[in-house]
Each structure stands twice: as structure tokens, then as C-alpha cells.
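Below is one structure; the comments refer to it alone.
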Amino acid sequence: MKIISSVKGMHDLLPKDSIIWQQVEYTIKNTLLNYGYEEIRFPIVEKTKLFNQAIGYNNLVVNKEMYNFYDRNGCSLSLRPEGTASCVRAIIKHGLLYNKQRLWYHGPMFRYEKPQMGRFRQFHQIGIEVFGYADICIDIELILLTSRIWKLLGLSKYLSLEINSLGCLKTRKKYYKELITFFQKNKLLNNIHDNIINNPMRLLEKYKTLSILKQAPLITSYLDNESYNRFLNLQKSLNNMNISYNINPYLVRGLDYYNDTVFEWTTNNLGSQNAVCGGGRYDLLVNNFNCNHSIPAIGCAIGLERLIILINKSNVLLKNKFLIDVFLVNVNNKLKNSIISLSEYLRDSIPSLKLVVDFYCSKISKYRKQAYQLKTKILVIMGDNTLLSDQLILENLINNKKEVIKKSYILSKLLLILFDNN
Ligand code: HAM
């Protein structure tokens, strides 16, 4: 029978890789916690109209990339392509709008894109959303927070910050008109479809290698005073905080809800899928949901697959030399029960102990090989026929010292090796 393969663009994560994922996720979540961000969880499936309304009916992600289906009741549902829409829906539903919120979420997103390096149909994001802060300080905080994460992961030198301002809705309408006229004049636009009218800035991305584009109008020249000053203040603050950035007037973002500040962290190490994290302000989105309430908001999302490919490619692997403290093994069939009680006694005594037990009697040489594969600090052997009944062999794989000890000394010996830093 033919083995059933996984869905194109959706991948398994094996233990050798999940260990890196866990470390990366831990670093990011811990940083978020330290900045006072709180976790929110929402469903993977939402009503299709949520994304239509939030991201835009004519948006490419909504039109071409969503996984849509009908449930048994005929309700049109979608696998979430991103988290911002669901997050806004959830905070409106639960009345969290009236207080300031710093939130994060983590999970799979789904987009029917053409798979390639760094682009998948199921991918994972850690998203960050902040509600209730209009001041530029929160834009800076978000950039500083993500910058700190790169630093902690050893990635700072591989990531550059790109910023742009998309201005307010009024500015954009005016600018889009000018841009469409420019593309028409230069015969770069034969038929205007909804997608383009909705966001002609995407054509700037598409044609960015054409020299004629140097003459295209740029949004930054159309900003009103408020947006202009905001953008200037963003740059000043980034300068003050020693955060390098490039102003990229072609930076559009793929989702339609943004205004003013938009940013992306990009890398040269990932080919064309170069954005590892992207976001911006979306001050109009809450209002879009007809809740008669304008709430300033900003957020971004980190693409975990791309981040981890970058970590692997940049050789900054978060190498953990040891993953297991003790590998406790038994080489005498009669001692199966004793080894279980010894392992539980050790777990009770040292709650943080990472201990793996093997009950089956294999050869010591095989167990030693396995201990190295598991990245173990200490191999403890029970039941070798050279030992007295109350003895154990303890092999310290950190310094390759081996000794025979009395079983009753095992706890104090382990504490000494594992926790004595002198
Ligand atoms: P986004 O730019 O569409 O923004 O996605 C954020 C990140 O998710 C990207 O920078 C990239 O690393 C990763 N990503 C996107 N699509 C794929 C894919 N097909 N395969 C692998 N990785 C991918 C958003 O999703 C917004 N919700 C971010 C945001 C939050 N804006 C405001 N708040």
C-alpha cells in the first residue's frame, strides 16, 4: 500500500529540530513576558467573513490564499491566514477594548501559497498585538523588543530593519490615484483590477527592479503633517536608541489594514522570502468591526520557520551541549523494579532533574553510545556483575571520569556533579 504523504507545504517537526524550536520559542516568550505582554489564544478556524472584513475583500491573501470550507451547517469557515483579525475579534467579544492591552499569541497559520524555501502552506507565527497606545513610544517599544529577541538569539548581524509610513487613509487614497496614473502613463498597467485599485503600492514591489520606478511618486511625499511628524519622530527615536534602519518607500505589507508606521525585519540569507518579522500600526481596524470605538493598535508577527532556517544557515545554532542530566540504565534483568524505584527517588529528590531510564538489559558499550546520542551528562549503570548488590557505576561524561559508588551515595554524588559550579 502506498504511504499517505503529508499535505504539500505542510511539514512534520522531528525531535532533532523541535529542540531548537523550543529554545527559540522559549527565548521569545520569555522576552515578551519580561516586557509585560500576556498570552491570548484563539481558534484556528474562524468565520470567513472575519478575514474578508479585516484584511480586505480584494486582498491577495483573502482572495487567493485562504483555505475556505463550509461546515455541515453551510457556514463558510476559514483556516486562519494570520492572527491579527482573530485577536481583534476576541478582544471585542470579551470587552477587553476598554483597557490597554499588550498581547501575544503563538500557533499555526495557513496560506495557499506556492511552497518554496521559507514559504509554506502551514507555518507558525508568534504574533504581538498592542491596543490602546497611540503614542510613537509603543512603535519604538515593539521594534526594540524584536531587536532584543534577535540579540538574544545571536541573530542581530543577520537582520536589518526596514521602515516606511503609509500615512492615514485620506493620504493613501490621494496617493493611490497618483500612483495608478503613473503606472498607466508608463504602460505598466493594462487592465485595472480590484486588487490594484485597492493597493497599487503592490506594483511598486512587483516592478521594483525597473529603472522607471525611480520616477514613481512615493507615499512619503504625500504624508500629512501628523503622519510626517510621526514618521520623523520614529526615525529620531531609533537613532537615539542606536537601532539601524533603512527607509524603504516600497515597503507595503501584504495585508490591507495598516496605517502610518510599517516595518519589517529582513535578511539576506533566505533568498526571496526575506522577511522574518513584519508589522505596523492598524488604528482603523477595530472601528472596521462596527464597534463604534476607535482604538489605536500596533502589532507584528515573527515567522518561526524563517527564523529557524536563518538560525540554521547562520550557524548560530543554539547548541546545548547537554540535554539530559542522567541516563540511568540496568544491565541485569532481575533489577527492573529497583531501577524504577531508584529513578523515582531521584526525581523526587531533584525536581528539575532531566533523567531518562532504560529498563532493558543491553550491553554497557551500547548504553554508553546511547548516552552520548542523548547528550547526557552522567551515565549511571545498575546491575553489572562486577558490582556488589548495593553498588552503582557512575560515568561522568562531562570529564570522562568513572567510579563505583555505593547506591546510598547516588543523590549526594549527582548533586555535587550537577550543581557544584566550583
Ligand atoms: P505577515 O507579514 O503576513 O504579517 O506575516 C508575518 C511573518 O510571517 C512574515 O514576516 C513571515 O516571516 C511569516 N510568513 C508569512 N507567510 C508565510 C509563509 N507562507 N510561510 C512561512 N512564513 C510566512 C502578518 O501576518 C500580520 N498579522 C502581522 C501583524 C501583526 N501586523 C500587525 N499585527
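Everything numeric in this text was worked out from a predicted model, so none of it was measured. Start at 1 and go down the list; that is how both ligands and their atoms are numbered. Numbering of residues begins at 1 and proceeds along the displayed sequence.
Taking any N or O of Tyr258, backbone or side chain, at least one lies under 3.5 Å from an N or O belonging to ligand 1. Distances between N or O atoms of Ala301 and those of ligand 1 include no value under 3.5 Å. Ligand 1 has a nitrogen or oxygen under 3.5 angstrom from a nitrogen or oxygen of Val276.
The residue Phe263 has no part lying near ligand 1, judged by heavy-atom distances below 4.0 Å.
In this comparison of Lys114, Glu65, Arg111, the heavy atom closest to atom 3 (O) of ligand 1 sits on Arg111. Within the set Thr84, Ile309, Thr266, the minimum heavy-atom distance to atom 30 (C) of ligand 1 is found for Thr84. Closest heavy-atom approach to atom 1 (P) of ligand 1 among the candidates Arg253, Glu82, Glu305: Arg253. Among Arg121, Gln122, Glu129, the residue whose heavy atom lies closest to atom 33 (N) of ligand 1 is Glu129.
The residues Glu82 and Arg111 are annotated as not salt-bridged, no charged nitrogen and carboxylate oxygen being separated by less than 4.0 angstrom.
Among protein heavy atoms, the minimum distance from atom 10 (O) of ligand 1 is reached at Ala275 O, 3.3 Å. The nearest heavy-atom contact from the protein to atom 6 (C) of ligand 1 is Gln125 NE2, 3.3 Å. The single protein non-hydrogen atom nearest to atom 20 (N) of ligand 1 is Phe120 N, 2.9 Å, given as residue, atom name and distance.
When side chains are defined from C-beta on, Lys313 does not count as touching Tyr158, because their heavy atoms never get closer than 4.5 Å.
Across every non-hydrogen atom of Leu355 and Ser343, the tightest pair is CD2-CB, 3.8 Å.
The closest side-chain donor-acceptor pair between Gln122 and His11, if any, does not fall under 3.5 angstrom. Side-chain polar atoms of Tyr282 and Thr84 form no donor-acceptor pair below 3.5 angstrom.
The shortest separation from a heavy atom of Cys277 to ligand 1 is under 4.0 Å, placing the residue in contact.
With Glu395 as the partner, the salt bridge (Lys or Arg N to Asp or Glu O under 4.0 Å) test is satisfied by one option alone out of Lys401, Lys413, Arg368: Arg368. Partner of Lys377 under the side chain to side chain contact (heavy atoms under 4.5 Å, CB included) criterion, chosen from Leu397, Ile398, Val326: Ile398.
Residue Tyr228 qualifies as open at atom OH: its count of foreign heavy atoms under 6.0 Å is 12 or below.
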